[in-house]
Amino acid sequence: MSQQRMQGQPMIILGEDSQRMKDKDAQSHNISAARAVAESVRSTLGPKGMDKMLVDSLGDVTVTNDGVTILTEMDIDNPTAEMIVEVAEAQEDEAGDGTTTAVAIAGELLKNAEDLLEQDIHPTSIIRGFNMASRKAKEEIGEVATSVDPDDEEILKKVAETSMTGKGAELNKDVLVDLVVEAVQAVTVEADDGGHVPDLQYLKLQTQTGRAVSESDLLTGGIIDKDPVHSDMPSTVEDAKVLLLDTPIEVEETETDAQLNLDSPDQLQDFIEQEEQRLQEMVETIKDAGANVVFCQKGIDDMAQHYLAKEGILAVRRVKKSDIEFVSEVLESRIVSDIDSVTEDDIAEGKVSRDEDDDLFYVEGSGHGATLLLRGSTDHVVDELERGINDALDVVASTVADGRVLAGGGATEVELAGRVRDYADSVEGREQLAVEAFADSLELVPRVLAENAGLDSIDTLVDLRAAHEDGDEHAGLDVHEGEVVDTFEAGVVEPAHAKEQAVSSASEAANLVMKIDDIIAAGDLSTEGDEDEGGPGGPGGGMGGMGGGMGGMM
């Protein structure tokens, strides 16, 4: 209970169950929670990173080393920790990859900030120094970045391969890298200013189990994973006239329950015939509009199926909304909601073919769109493959749009750290220490890459610094050989935009956490986790209250 004295009497401000944490205690609490999240994903960084197994409350299992997936799937119940999760989500939205890097740097910034706080340096000075260092780092990224032609397939393939390395897609990267680059190029358009804009909303990822990953394919157009509603219908229509419906081909039911009293069997027969006549009229309307293929998002009555098959019209029902919408882009047609209003203008021309082995319909049209069909042996394999391919698509698209790349393997971080450290000499006041701490934090990336590869992180960092001091801006770590090499020449290439976003997101999140000096909680604010339920290694795994341990993930 928080109290304040007024005229000699205590004044109650907070409720009895409320708790408050101020100044250094609040800062220490927040930094500990944020660092716990960051450290949970550090071991997944790089080609030699490990995977995490996440089991949700329903028993569903996810095995991945994708940073944003790990953090969003974890049962986090701490507001400060949630801020770090937002770093990963922002990185994923803006750059598509580099989530683990962004979160790890944010955690290291807070660790170094805590050391400065213990030296009685005010948080405001640290925040100012971090902002200065962040701006300088982003400027230097522009200096060390290499411009590339958006049509340079060799560089784009290296970018895709670097993104896939260490993920589920790595084992078949020879096939998948080509597919990723082709897919991005298939949906890239030229902007008014002459630039290139990859529009990934016109690229659809479809997954299928039971086949080898090497059998994945890129298809022009869309895919519908459904069967014809009637066995007598054609399965392939070369000159397809397609109608897209989001309304059922059925007789409408009344909104209220009704009871029908019949005096004779003839009246029942008349009632059935009226329903059949209505269904026949619907099919006639579709036929008169010129359609010979119907993709329906809702149901199709059995009698309507018979009439459609009789007219030689291919019909598919219960098509997913997302598939209908994507096919409408491929065919450049609208989705009809009222069958009675169907006209020739609603019919789109294209080609519909059937793959009997995979039970898929391929739909091609004059519109803009492609489908990347990913195959794998099991659901877990396909899920992890899809996450890896999504990241690769995003980084290749980012490279095409931005036109700049950087050397990977920790090369860029070491180079930036050296330049930021040199910049610190020109900074006056206590902010200089914060700028130096920022530079130290950037070097976390090569240290963690070395640790995850079973190498000595200190020796590795010393060798990298020496190489960069000799003028080798592209000197990075080859985690397979444990040596310092020119990673750009070795094909370890990353998009500059992703690195800029990682630096920006990490510094902003660290500053946000440090700026908090007072926590007022309506309930429990204990920093002691329950060892049986929420503590480290406990089966519950969640971050209990505002400070419980992250069980099972730490």
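Along the sequence shown, the residues carry numbers beginning at 1. Only a predicted model underlies this, so the values are computations on that prediction, with no experimental measurement involved.
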State, with a plain yes or no, whether a side-chain heavy atom of Asp246 is found less than 4.5 Å away from one of Val336.
-> no
All side chain to side chain contact (heavy atoms under 4.5 Å, CB included) counterparts of Ala88, not counting sequence neighbours | Val68, Leu71, Thr99, Val103
Residues Lys158 and Glu154 bridged, charged N to O under 4.0 Å = yes
Salt-bridge test for Lys173 and Glu161: reply yes if a basic N is under 4.0 Å from a carboxylate O, no otherwise.
-> yes
Output yes when Asp345 and Arg334 qualify as a salt bridge under the 4.0 Å nitrogen-oxygen rule, no when they do not.
-> no
Any donor and acceptor pair, going by atom type alone, linking the side chain of Thr44 with main-chain N or O of Val41 inside 3.5 Å?
-> yes
Cationic N near anionic O, under 4.0 Å, Lys204 to Glu325 = no
Taking everything shown except Glu344 itself, do over 12 heavy atoms lie less than 6.0 Å from its CD?
-> no
Hey, what do you get for OG1 (Thr378) to CG (Leu385), rounding to the nearest 0.5 Å?
-> 10.5 Å
Working for side-chain hydrogen bond (donor to acceptor under 3.5 Å, both in side chains), residues Ser504 and Glu508 = CA-CA 6 Å; Ser504 179; Glu508 289 173 4; 3.3 Å; yes
Can you name the residues that form a salt bridge (charged side-chain N to carboxylate O under 4.0 Å, His left out) with Lys499, not counting sequence neighbours?
-> Glu413, Glu494
Salt-bridged, Glu215 to Arg375, with N to O below 4.0 Å?
-> no
Answer yes when Arg354 and Asp359 have at least one side-chain N-carboxylate O distance shorter than 4.0 Å, and no when they do not.
-> yes
Does Asp358 pair with Arg211 as a salt bridge, N-O distance under 4.0 Å?
-> yes
Are Thr285 and Glu281 close enough that a side-chain donor and a side-chain acceptor fall under 3.5 Å?
-> no
Under 3.5 Å, is there a donor-acceptor pair linking the side chains of Lys52 and Ser43?
-> yes
Hey, are the side chains of Asp323 and Gln206 touching, using non-hydrogen atoms and a 4.5 Å cut-off?
-> yes
Give every residue pair that meets the ring pair (Phe, Tyr, Trp, His ring centres under 6.0 Å) criterion with at least one member in residues 342-385, sequence neighbours excluded.
-> Tyr202-His368
Got a sec, which residues hit side-chain hydrogen bond (donor to acceptor under 3.5 Å, both in side chains) with Asp394, two or more places apart in sequence or on another chain?
-> none
Is a salt bridge present between Asp239 and Lys241, judged by a nitrogen-to-oxygen distance below 4.0 Å?
-> yes
Looking just at side-chain N and O atoms, do Thr62 and Glu73 make a donor-acceptor pair shorter than 3.5 Å?
-> no
Using the test salt bridge (charged side-chain N to carboxylate O under 4.0 Å, His left out), find all partners of Glu332 that sit at least two apart in sequence or belong to another chain.
-> none
Would you check, one step at a time, whether the test side chain to side chain contact (heavy atoms under 4.5 Å, CB included) holds for Leu176 with Ser216?
-> CA-CA 8 Å; Leu176 297 174; Ser216 299; 4.2 Å; yes
Answer yes if the side chains of Asp97 and Ser163 hold a donor-acceptor pair under 3.5 Å, and no otherwise.
-> yes
Does any pair with a residue in residues 298-349 pass ring pair (Phe, Tyr, Trp, His ring centres under 6.0 Å), and if so which ones, sequence neighbours excluded?
-> none
